Amino acid sequence: MKSIIIVSKCLRVIKFKSQIFYEFSFKGVCSGSLIKKIKVQSLDHHDMVPGHDYIVQVRELRIIGTTLEGKIVKFKMLEDCFDRS
């Protein structure tokens with residue numbers, strides 16, 4: 001299974017039964033397919049906040065239309081990557 005790294009803004013959190021999904025904006029190409037949106041499932045409870053930028057490692061599952069769907073491997077808020085001193 002392919003793993004990819006994205007840098008993107010979290011658009012929204014989708015709670016469906018006991019599952020949590022995060023939707024990210026994206027404009028680019030993956031595996032030759034045009035991607036406009038990324039929807040990832042959280043295997044653990046993550047506290048991503050819509051409107052913030054993240055670096056996310058995603059295990060790609062499938063591409064449906066222009067949406068890449070996958071599962072979060074790990075993530076970090078982009079602003080936490082910089083030294084503030």
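For clarity, every value in this text was computed on a predicted model and none was experimentally measured.
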**Message:** So Ile14 and Ile20, do their side chains get closer than 4.5 Å, heavy atoms only?
**Reply:** no
**Asked** Can any side-chain N or O of Ser3 pair as donor or acceptor with the backbone N or O of Arg59 at less than 3.5 Å?
**Response** no
**Asked** Which pair of non-hydrogen atoms, one from Arg12 and one from Pro50, has the smallest distance, and what is that distance?
**Response** CA-CG, 4.0 Å
**Asked** So how far is it from Phe26 CZ to Ile35 CD1, rounded to the nearest 0.5 Å?
**Response** 7.5 Å
**Request:** Using the rule that two of Ile, Leu, Val, Met, Phe, Trp, Tyr join whenever any of their side-chain heavy atoms come within less than 4.5 Å, decide whether Ile72 and Val13 are in one cluster.
**Result:** yes
**Chi angles and distances behind the side-chain contact (heavy atoms from CB on, under 4.5 Å) call for Lys71, Leu61** = CA-CA 7 Å; Lys71 294 187 179 189; Leu61 294 179; 3.9 Å; yes
**Asked** Are Leu11 and Tyr22 connected, step by step, through hydrophobic side chains (Ile, Leu, Val, Met, Phe, Trp, Tyr) whose heavy atoms are closer than 4.5 Å?
**Response** no
**Heavy-atom side-chain proximity of Leu68 to Val58 below 4.5 angstrom** = yes
**Prompt:** Got a second to check how far Cys30's SG is from Ile63's CD1, nearest 0.5 Å?
**Reply:** 4.5 Å
**Item:** Shared hydrophobic cluster for Met77 and Phe75 (ILVMFWY, side-chain gaps under 4.5 Å)
**Value:** yes
**Message:** Tell me if a side-chain donor or acceptor on Tyr54 pairs with a main-chain N or O of Val49 at a distance below 3.5 Å.
**Reply:** yes
**Prompt:** Does the side chain of Phe24 come within less than 4.5 Å of Val40's, by heavy atoms?
**Reply:** yes
**Asked** So, are Arg62 and Glu69 salt-bridged, with charged N and O less than 4.0 Å apart?
**Response** yes
**Item:** Residue pair Leu78 / Val7, side-chain heavy-atom distance below 4.5 Å
**Value:** yes
**Prompt:** Do Lys27 and Lys36 come close enough that some side-chain heavy atom pair is under 4.5 Å?
**Reply:** no
**Item:** Within-4.5 Å side-chain heavy-atom neighbours: His52 and Cys10
**Value:** no
**Message:** Go through it in stages, so that I can follow the logic: the residues are Ile55 and Ile6, the test is side-chain contact (heavy atoms from CB on, under 4.5 Å), and I'd like the CA-CA distance, side-chain angles, deciding distance and then a yes or no.
**Reply:** CA-CA 6 Å; Ile55 299 171; Ile6 63 167; over 6 Å; no
**Prompt:** side-chain hydrogen bond (donor to acceptor under 3.5 Å, both in side chains) between Ser25 and Lys37: does it pass, once the steps are laid out?
**Reply:** CA-CA 5 Å; Ser25 63; Lys37 182 171 42 173; over 6 Å; no
